[in-house]
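This report refers to the structure that appears directly beneath it.
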Amino acid sequence: MKSYDFNEHINRKNTSSVKWDETGRVFGSSDVLPMWVADMDFQAPQEVTKAIMDKAQHGIYGYTAISTSVHDAVTSWFQKQHGWELKQEWLTYISGVVPALSATIQTFSNPGDKVIVFSPVYYPFYDMVTYNDRKLITSPMEYRNGRYYMDLQDFEAKLDGDVKLLLLCNPHNPGGTVWTRKELEQLGEICVKHHVIIVSDDIHADLVFKNHTYYPISSLSEDIAMQTVTCIAPTKTFNIAGLQAAAMVTSNNSFREKLDLFMKKQGHFLLNMLGVSAMEAAYRHGKPWLDEVLHHIEDNMDYAVEYIQKEIPGVDASKPEGTYLLWIDCRKLGLGEEELKRLLLHKGKLALESGSKFGKEGNGFVRMNVACTKTTLQEGLLRLKTALS
């Protein structure tokens, strides 16, 4: 029996929501439907809200340790959900996955070193490389039948000895590809061969649809694990991104010691107490909520793909394998990026992420967040049709 209504509209305006209150600043127009930022329009699991309220009602907000109970909640979740047996000592906590990318880049490379990514990809990957004065190397992926494929021949050819790290997105954002075990094994073997450290952003690990399986790359072999740092968080899974709680995971003791030292140098010692409480509650009690929200998101995704295929000529959309992000291919329309954006904003009154933000390989695509009510989705699709038909 369902206990959550994900079709209930919850007003997020005037709550300092980036998605709903910052659209005017980001897009230059407030009179648009925001379906861009990757957070859900759903309330978090009730157990998460209760855990936060219990902490708040205590009334004392002093320094708060990350207890053994929290460690156990994290490791138990990944063991039960994904068959990945973590040890508590492998965890280094941090405020978010993007800060984790920056921390690993600074820890395991020097200014001027090369860092490689598969493109297109979540745009902070590029920013964290260039902001930290590393040289960005891209390996363009192949897009076939609505799915991305890593070009491992191109990737390996670019590992010239100066490439120190690979930033991997698993599952992939924005394309929604959930990498297979074979794909990850082949990638991992290449990285081991060339001594390239893998930094894997697995923030969408739990958001995988039926008939697909998420594999943590570090779970595939001891050799790969010893060369990998995996970045995890409950924030996308349970819609608690504003609570800033994540962790870096590695079984390599040397890696972990270096990461811990980096964190100390930065003055990072504790997480926000409410974030810690939310993380534990989500991982302990959030499975029923996740099951229901995944059903809703997959239903929305099916509806959106069918609508676009039937109603918007020249626009292609394929169901992703995971995430709640729909990668929409508008290249057949022959529009430039600015014209595409103009039509969406001014004709359709719709705010989507432009594909070019994810790299030049994303030109002609847009990304739509379908983690919303069915009514919002239907309105967004109607606006997409109005803009592009």
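All residue numbers in this chain count up from 1 along the given sequence.
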Query - K258 charged N/C atom sitting above F108 aromatic ring, 6.0 Å / 45° - result: no

Query - Shortest non-hydrogen contact from I52 toward L243 - result: CD1-CD1, 3.6 Å

**Report entry** Cationic N near anionic O, under 4.0 Å, K135 to D113
**Finding:** no

Query raised in the report: What distance do L384 atom CG and M35 atom CE have between them, rounded to the nearest 0.5 Å?
Result: 9.0 Å

Report task. Would you give the length of the straight line joining atom NZ of K310 to atom OH of Y307, rounded to the nearest 0.5 angstrom? Result -> 12.0 Å

Query raised in the report: Has the side chain of S277 got a donor or acceptor atom that lies under 3.5 Å from a matching backbone atom of L274?
Result: no

Report task. Check the pair R284, D72 against salt bridge (charged side-chain N to carboxylate O under 4.0 Å, His left out), reporting the backbone distance first and the verdict last. Result -> CA-CA 9 Å; R284 285 201 182 281; D72 180 67; 3.2 Å; yes

Query raised in the report: Is a donor on one side and an acceptor on the other found under 3.5 Å between the side chain of T130 and the backbone of Y126?
Result: yes

Could you list the donor-acceptor pairs under 3.5 angstrom formed between side-chain atoms of residues 87-99 and any protein atom two or more places apart in sequence or on another chain?
residue, atom, partner, partner atom, Å
T92, OG1, D260, OD1, 2.9
Y93, OH, H71, ND1, 2.8

Query raised in the report: Distance from H285 atom NE2 to Q46 atom CD, nearest 0.5 Å?
Result: 12.5 Å

Requested in this report: Using modelled atom types only, decide if a donor and an acceptor are shared between the side chain of T177 and the backbone of Y148 within a distance under 3.5 Å.
Outcome: yes

Report task. Verify the neighbour count for atom NZ of K360: are there more than 12 heavy atoms of other residues, nucleotides or ligands below 6.0 Å? Result -> no

Query - Heavy-atom neighbours of K374 NZ exceed 12 at 6.0 Å - result: yes

**Report entry** Pair listing, side chain to side chain donor-acceptor pair (under 3.5 Å) test, anchored in residues 55-68, at least two apart
**Finding:** none

Query - Lys/Arg-Asp/Glu bridge criterion (N-O < 4.0 Å) met for K182, E185 - result: no

Report task. Verify the distance criterion only: is there a donor paired with an acceptor across the side chains of Q43 and T49 at less than 3.5 Å? Result -> no

Query raised in the report: Once you round to the nearest 0.5 Å, how far does OG1 of T138 lie from CD of E361?
Result: 5.5 Å

Query - Main-chain N/O of V129 paired to R134 side chain as donor or acceptor, under 3.5 Å - result: no

Report task. Examine the side chains of T323 and N173 and answer whether a donor and an acceptor come within less than 3.5 Å of each other. Result -> no

Query - Co-members of the apolar cluster containing F27 [side chain, <4.5 Å] - result: V18, V26, V32, W36, V37, L345

Query - Spatial distance of atom CG (L136) from atom OG (S119) [nearest 0.5 Å] - result: 8.5 Å

Query - W20 and H9 aromatic ring geometry - parallel, tilted or perpendicular at 30°/60° bounds - result: perpendicular

Report task. Check whether any side-chain heavy atom of F125 sits under 4.5 Å from a side-chain heavy atom of D201, and report yes or no. Result -> yes

Query raised in the report: Do side-chain atoms of D21 reach the backbone of T15 as a donor and acceptor pair under 3.5 angstrom?
Result: yes

Report task. Kindly work out whether a path of hydrophobic side-chain contacts (I/L/V/M/F/W/Y, heavy atoms less than 4.5 Å apart) joins I203 to I240. Result -> no

**Report entry** Any donor-acceptor N or O pair under 3.5 Å, side chains S200, D202
**Finding:** yes

Query raised in the report: If you look at every heavy atom in K158 and S139, which pair is closest and at what distance?
Result: NZ-CA, 3.9 Å

Report task. Please assess E339 against R342 for the test salt bridge (charged side-chain N to carboxylate O under 4.0 Å, His left out), listing each intermediate value before the final yes or no. Result -> CA-CA 5 Å; E339 177 65 6; R342 186 191 69 79; 2.9 Å; yes

Query raised in the report: Do E337 side-chain atoms and G364 backbone N/O form a donor-acceptor pair below 3.5 Å?
Result: yes

Report summary line: Joining Ile, Leu, Val, Met, Phe, Trp and Tyr whenever any side-chain heavy atoms lie under 4.5 Å apart, the cluster holding Y149 also takes in none

Query raised in the report: Hey, mind stepping through E183 and R147 against salt bridge (charged side-chain N to carboxylate O under 4.0 Å, His left out) and telling me if it holds?
Result: CA-CA 13 Å; E183 287 173 318; R147 187 188 193 272; 2.9 Å; yes

Query raised in the report: Under 3.5 Å, side chain of Y4 to main-chain N/O of F42, donor-acceptor pair present?
Result: no

Requested in this report: If the plane angle is over 60° it's perpendicular, under 30° parallel, otherwise tilted; pick one for W289 and F6.
Outcome: perpendicular

Query raised in the report: Will you find, in the side chains of N7 and T373, an N or O donor that is under 3.5 Å from an N or O acceptor?
Result: no

Query raised in the report: Taking the side chain from E321 and the backbone from F209, do they hold a donor-acceptor pair closer than 3.5 Å?
Result: no

Query raised in the report: Just by distance, with hydrogens left out, do S102 and Q106 show a side-chain donor and acceptor under 3.5 Å apart?
Result: yes

Query raised in the report: Does S354 reach the main-chain N or O of K357 with its side chain, forming a donor-acceptor pair under 3.5 Å?
Result: no

Query - M368 vs L381 side-chain heavy atoms within contact, under 4.5 Å - result: yes

**Report entry** Minimal non-hydrogen separation, P34 against K19, with atom names
**Finding:** CB-O, 3.2 Å

Query raised in the report: Can you tell me if S389 uses its side chain to pair, donor with acceptor, with the backbone of T386 under 3.5 Å?
Result: no

Query raised in the report: Can a salt bridge be assigned to the pair E338 and K341 using a cut-off of 4.0 Å between side-chain N and carboxylate O?
Result: no

Requested in this report: Describe, in one word, how the ring planes of W327 and F358 are oriented to each other, choosing from parallel (under 30°), tilted (30 to 60°) and perpendicular (over 60°).
Outcome: perpendicular

Which pairs of donor and acceptor atoms, one on a side chain in residues 186-198, lie under 3.5 Å apart (sequence neighbours left out)?
residue, atom, partner, partner atom, Å
K193, NZ, E156, OE2, 3.1
H194, NE2, E156, OE2, 2.8

Query raised in the report: Any side-chain heavy atom of V366 sitting closer than 4.5 Å to one from L340?
Result: yes

Query raised in the report: So how far is it from H204 NE2 to Y214 OH, rounded to the nearest 0.5 Å?
Result: 12.5 Å

Query raised in the report: Crowded around D160 CG? As in, over 12 foreign heavy atoms under 6.0 Å?
Result: yes

Query - salt bridge (charged side-chain N to carboxylate O under 4.0 Å, His left out) between K50 and E47, intermediate numbers included - result: CA-CA 5 Å; K50 182 180 184 302; E47 295 86 353; over 6 Å; no

For residues 312-320, please give each side-chain donor-acceptor pair under 3.5 Å, one per line with the distance, not counting sequence neighbours.
residue, atom, partner, partner atom, Å
D316, OD2, K332, NZ, 3.1
K319, NZ, E298, OE2, 2.6
K319, NZ, D302, OD1, 3.0

**Report entry** Heavy atoms from other residues, nucleotides or ligands near CG of N11 exceed 12 (cutoff 6.0 Å)
**Finding:** yes

